[in-house]
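This report refers to the structure that appears directly beneath it.
Every value quoted in this text rests on a predicted model; they were computed, and no experiment measured them.
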Amino acid sequence: MMKSTHIKLSKDALKSNWDFLREYFKDKKLSAVVKGNAYGHGIEEYVTMAEQCGVNHFSVFNAEEALRVQQTVAENTTIMIMGAIEDEDLAWAIENDIQFYVFNMERLHAAIKAAATTGKKALVHIEMETGMYRMGFEQSMIPELADIFKNNTDTLIFQGLCMHFAGAESITNYFRVKKQKINFKRALKQFKSLNLEPNMIHTCCSAAAVRLPDMHYDMLRIGIMQYGFWPSPEILIEYLNKYKTVQSPLRRIISWESKIMSLKLVPPGEFIGYGSSYFAHQEIHVAVVPVGYAHGFSRSLSNTGHVLINEMRAPVVGTVNMNCVVVDVTNIPNVQINDKVTLIGEQGDQEITVASFGELSSQLNYELLTRLPMDIPRLII
Ligand SMILES: *Cc1c(COP(=O)(O)O)cnc(C)c1O
């Protein structure tokens, strides 16, 4: 069945982003973070395209996402779970060489047990607590960790030592981030003093990768930037100033489209849609677009959002409904049923960016993207 809305993914834009990232980070090993359904882009479609751009390391949040990536990628591609995996699924992960974070003793012991049943070794990444206070081992546990690794060489491989920064995209977190750096370096030193070294070290998300070159180590975990967005305006401005340019080298991959479902003339003196939030002072020509808050088109765009039709902007009138939205096309000539409607993306010289869309609905780029429902078809173009 045809869907009333779809998301397009630009392979050209993705290739250009990966070319930029590789050059900018000087060919450091990069992991593509594809949690949250590849930030809303669709894991299967996104991962397929990324592999064609030469990406061979993917990071996900949980085991379900790891399975989806695994079913899509080539055999020698690395998959790393940074968050949730049930004990029952550890043996599956180990058997399939899927690497995973370990941030507490419970999981470490479960991994040893699971590895013993498979006859393969678990590839574990030890996450350190450095000041984010979410997940991670306290530094005081390092001696015990070292003993466990030394006594379980038949089941464990110390694949990685890692951490995550608590907001490297904002200068307001400067001191906290600085403390995290010191704590991590101290932990690393302690492992070394116990004659234990991980195969690799990784600490940086996109913002940290841009801001903290001294924390790059062996690999960067790049999420938002591969999709064409900067972690925050602050990081973008910093980049533009440093490289004396005015344009972001990153390109948006995603665009979101629908079609006009219905057209109507509203006589003056009537309200449009539910309730009385929009009053027609004069005759208004409106179009109904079959996309609503159930599709991720936030209700807070009621009477404030825009869409593009025939290369012109059409403002949302009235409240965003569950499955549709009404837009004002009075000033757009020759509007027809089935005309293309762009919710995110470009038409002619008009553009609706993810940031403007997100700002109007008080959402971060991250949040807006990951809320795009899984069942909207993703088309690679
Ligand atoms: C989400 C995430 C990343 C990627 O963050 P971006 O800001 O999108 O680059 C990296 N590491 C961890 C642990 C994450 O959860």
Side-chain angles (χ1 to χ4, degrees), residues 1-11 13-14 32-50 58-69 71-72 83-84 223-224 226-229 252-262 273-274 287-302 304-309 314 316 318-327 338 340-346 351-381:
M1 208 173 286
M2 290 288 288
K3 294 267 189 167
S4 57
T5 179
H6 58 261
I7 284 167
K8 282 190 189 163
L9 305 172
S10 161
K11 216 165 132 178
L14 184 65
V33 179
V34 294
K35 66 191 181 194
N37 198 26
Y39 292 43
H41 291 65
I43 283 190
E44 288 76 10
E45 295 81 0
Y46 184 82
V47 162
T48 302
M49 291 197 303
F58 292 95
S59 297
V60 295
F61 176 73
N62 61 28
E64 293 98 300
E65 293 170 340
L67 177 63
R68 287 172 64 195
V69 174
Q71 288 172 339
T72 311
I224 198 83
Q226 63 185 313
Y227 306 104
F229 306 98
R252 177 172 42 75
I253 291 157
I254 207 166
S255 43
W256 186 13
E257 293 175 355
S258 184
K259 292 194 290 192
I260 293 178
M261 180 173 80
S262 180
Y274 284 122
V288 182
V289 184
V291 169
Y293 58 77
H295 303 97
F297 196 87
S298 171
R299 249 188 115 248
S300 54
L301 294 167
S302 298
T304 44
H306 288 86
V307 302
L308 301 179
I309 295 170
V316 171
T319 55
V320 174
N321 299 177
M322 184 189 292
N323 299 104
C324 65
V325 62
V326 179
V327 297
N338 285 333
K340 183 167 96 175
V341 177
T342 298
L343 306 154
I344 291 174
E346 294 163 15
E351 181 177 7
I352 296 187
T353 63
V354 170
S356 70
F357 191 108
E359 227 156 75
L360 288 174
S361 53
S362 317
Q363 298 180 88
L364 296 175
N365 285 345
Y366 293 82
E367 181 185 357
L368 186 151
L369 290 167
T370 51
R371 278 188 173 177
L372 293 170
M374 298 241 265
D375 62 357
I376 298 180
R378 270 71 171 170
L379 314 174
I380 297 174
I381 53 164

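- Of all heavy-atom pairs between V316 and V327, the closest is CA-CG1, 4.1 Å.
- Once rounded to the nearest 0.5 Å, the distance linking CD of E367 with OG of S298 reads 8.5 Å.
- Nearest heavy-atom pair, D375 versus R378, reported as atom, atom and distance to 0.1 Å: N-NH1, 4.4 Å.
- The structure places OG1 of T5 at 10.5 Å from NZ of K259, a figure rounded to the nearest 0.5 Å.
- Counting all heavy atoms, side chain and backbone alike, L343 lies closest to I352 at O-CG2, 3.3 Å.
- Y293 places none of its side-chain heavy atoms less than 4.5 Å from the side chain of L301.
- Put simply, the side chain of N321 gets close to the backbone of T319: a donor and an acceptor are under 3.5 Å apart.
- Residues I344 and L368 have side chains in contact (heavy-atom distance under 4.5 Å, counting atoms from C-beta outward).
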Worked verdict on W256 versus V291 for side-chain contact (heavy atoms from CB on, under 4.5 Å): CA-CA 10 Å; W256 186 13; V291 169; 3.6 Å; yes
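- Nearest heavy-atom pair, R299 versus V320, reported as atom, atom and distance to 0.1 Å: CG-O, 3.5 Å.
- Note: I381 CD1 to M49 CE = 9.5 Å, rounded to the nearest 0.5 Å.
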Give the C-alpha distance, both sets of side-chain angles, the deciding distance and a yes or no for salt bridge (Lys or Arg N to Asp or Glu O under 4.0 Å) between E65 and K35. CA-CA 7 Å; E65 293 170 340; K35 66 191 181 194; over 6 Å; no
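- Minimum interatomic distance between N323 and A294 (heavy atoms only, all atoms of both residues): ND2-CB, 3.9 Å.
- Here the closest heavy-atom approach between residue L14 and residue A50 is recorded as CD2-N, 3.7 Å.
- The one candidate from I253, L372, T370 that meets the side-chain contact (heavy atoms from CB on, under 4.5 Å) condition with H41 is I253.
- Rounding to the nearest 0.5 angstrom, the gap separating the CG atom in N338 from the OG atom in S258 is 9.5 Å.
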Test ring pair (Phe, Tyr, Trp, His ring centres under 6.0 Å) on Y227 and Y46; report intermediate values, then the result. CA-CA 10 Å; Y227 306 104; Y46 184 82; 4.7 Å; yes
Might you work through the side-chain contact (heavy atoms from CB on, under 4.5 Å) test for I254 and L9, ending with a clear yes or no? CA-CA 5 Å; I254 207 166; L9 305 172; 4.0 Å; yes
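- Taken to the nearest 0.5 Å, the CG atom of N365 stands 5.5 Å off from the CD1 atom of I224.
- Formation of a donor-acceptor pair under 3.5 Å by the S10 side chain with backbone atoms of A13 is found in this model.
- Under the 3.5 Å distance criterion, the side-chain polar atoms of E44 are left unmatched by any main-chain donor or acceptor of T72.
- The closest donor-acceptor contact from the side chain of T304 to the backbone of S302 lies under 3.5 Å.
- No side-chain heavy atom of Y39 sits less than 4.5 Å from a side-chain heavy atom of F229.
- R252 has a carboxylate O that lies under 4.0 Å from a charged side-chain N of E346, or vice versa, which qualifies the two as a salt bridge.
- Put simply, the side chain of N37 reaches to within 4.5 Å of the side chain of R68, judged on heavy atoms.
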